[in-house]
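Structure record follows, encoded as structure tokens.
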Amino acid sequence: MKKVVEIVDVIDTAKVYAELSDANSGGICVFVGAVREFTNNEEVIALEFETYEAMALKEMSKIADEALAKWSLNKVLIRHAVGEKGVEEPVVIVGASSAHRDACFEACRFLIDTLKETVPIWKKEKFKNKSVWVSAHP
Amino acid sequence: MKKVVEIVDVIDTAKVYAELSDANSGGICVFVGAVREFTNNEEVIALEFETYEAMALKEMSKIADEALAKWSLNKVLIRHAVGEKGVEEPVVIVGASSAHRDACFEACRFLIDTLKETVPIWKKEKFKNKSVWVSAHP
Amino acid sequence: MNVLFFGITKDIVGSSEISFSNELQPTSVASLKKQLIESYPEFSKLNSLAVAVNSEYADDSVLLKGNEEIAIIPPVSGG
Amino acid sequence: MNVLFFGITKDIVGSSEISFSNELQPTSVASLKKQLIESYPEFSKLNSLAVAVNSEYADDSVLLKGNEEIAIIPPVSGG
């Protein structure tokens, strides 16, 4: 399977290497996004992720296809979590494998940057006394 | 432990996320180098890695320190395997975690690029009928 | 015509789905947005407001028949 | 003075370590390299030839007393 695109409840970071590994890949680049304890010096209790799943999977699939077209990649993976995530929990994992490292580094960066721009997933930051939808307002 | 620098017999890719994870890190970038089946269309049986360990650890430590000085990172990891490695086996893993993703991506790329330039580790490619020390000759 | 709401737009509307009766049904993405902003002025304060038709981004010129899956997409913030 | 060899230089020399007797002992990194290339012409065909003194890269001007840990570093190829 050249392309893995998933929305899950919990991300298992331990298995991603096996998923991206390939006899023709000299390099595998993986990015994990996780919950930080502080945003602008305010303590975050949790992040709550919501998605429009059918559309999110379509958009993630488009991003993976675009990466496969742009770079010489053997495998591509995009997996996002939904639900409430506490500090240090992984919320997204993207990765790519390729013969040489340039391609997988560039593709990995592209995957996460583009995901953040186009995939219909929304994040609410939960602080002690309030909750804020991230990026909603200027 | 902010910095992990190791030479090992076998790389366990599954544990690296836990090693780099951190309450202040929103991003973790990891690169894994693995054995490819073909080099210039010739089938590779295995790679054999040898090191001058005392010096390699010093150089790896310098690279980690340089990355910590250049970027705002929470954790840095450089781990290289030695001995004979078959196709798809990981031979090196480097990674960094940071509040925002720019730093960990740039640092991760720097770690692997610099490792390949300065760390005294040597790789022999074993083909069916010959063995070649990589990069030894012009 | 049913319209799905997510993220902050769901909070503003107070529901994840609303129905337009036939006589009030907007006939394009542009008129759908206009109606929503009139009914929910908070929508005009958002960083962006996109519409998806059959789970694809649709620009203002796209016409609506009423049998599509229509969703309101506030600024995304995954990752 | 003992000198360690790694990678292809170990193969060329046929040993991972050689000793220089006191009278032949090079007094600088430059003269060590010169002596090695004279004894093993194959060394001159390598992409590069570095020397480490006490496990740090040392340039040609570094002087050698004989009690250091000295190592020959052919082109590295880790990763």
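Within every chain, numbering begins at 1; the chains are lettered A, B, ... in the order of the sequence lines, protein sequences first and strands thereafter. Please read these numbers as outputs of a predicted model, since none were measured by experiment.
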Nearest heavy atoms of D/Val76 and B/Thr118, plus distance in Å: CG2-N, 4.2 Å

Per-residue contact mode, D/Asp11 against chain B (heavy atom under 4.5 angstrom): side chain

Residues 82-98 of chain B: residues contacting chain D (heavy atom under 4.5 Å, by number): B/Val91, B/Val92

Rounded distance [0.5 Å steps], OG in B/Ser135 versus CD1 in D/Ile8: 10.5 Å

Rounded distance (nearest 0.5 Å) linking atom CG of D/Asn47 with atom CH2 of B/Trp133: 15.0 Å

Structural part of B/Tyr52 lying under 4.5 Å from a heavy atom of chain D: both

Structural part of B/Glu48 lying under 4.5 Å from a heavy atom of chain D: neither

CG/B/Asn129: more than 12 non-hydrogen atoms of other groups inside 6.0 Å: no

Interatomic spacing from NZ in B/Lys58 to OH in D/Tyr57 - rounded to 0.5 Å: 12.0 Å

Top contributor to chain B contacts, counting heavy-atom pairs under 4.5 Å, from D/Ile73, D/Thr9, D/Asn54, D/Leu4: D/Ile73

Contacting moiety of D/Leu49, where chain B heavy atoms sit under 4.5 Å: neither

Stepwise side chain to side chain contact (heavy atoms under 4.5 Å, CB included) check, D/Glu69 with B/Met55: CA-CA 11 Å; D/Glu69 180 167 299; B/Met55 182 176 175; over 6 Å; no

Interface residues of residues 33-41 of chain B facing chain D - heavy atom cut-off under 4.5 Å: none

B/Trp122 portion near chain D, given a 4.5 angstrom heavy-atom threshold: both

Heavy-atom pairs under 4.5 Å with chain B, option from D/Pro75, D/Ser55, D/Ala50, D/Pro74 with the top count: D/Ser55

Any side-chain heavy-atom pair of B/Glu50 and D/Lys10 under 4.5 Å: yes

Chain D contact via B/His137 - side chain, backbone, both or neither, heavy atoms under 4.5 Å: both

D/Lys34 atom NZ, neighbour heavy-atom count above 12 within 6.0 Å: no

Which atoms of B/Lys124 approach chain D - backbone, side chain, both or neither, heavy atom under 4.5 Å: side chain

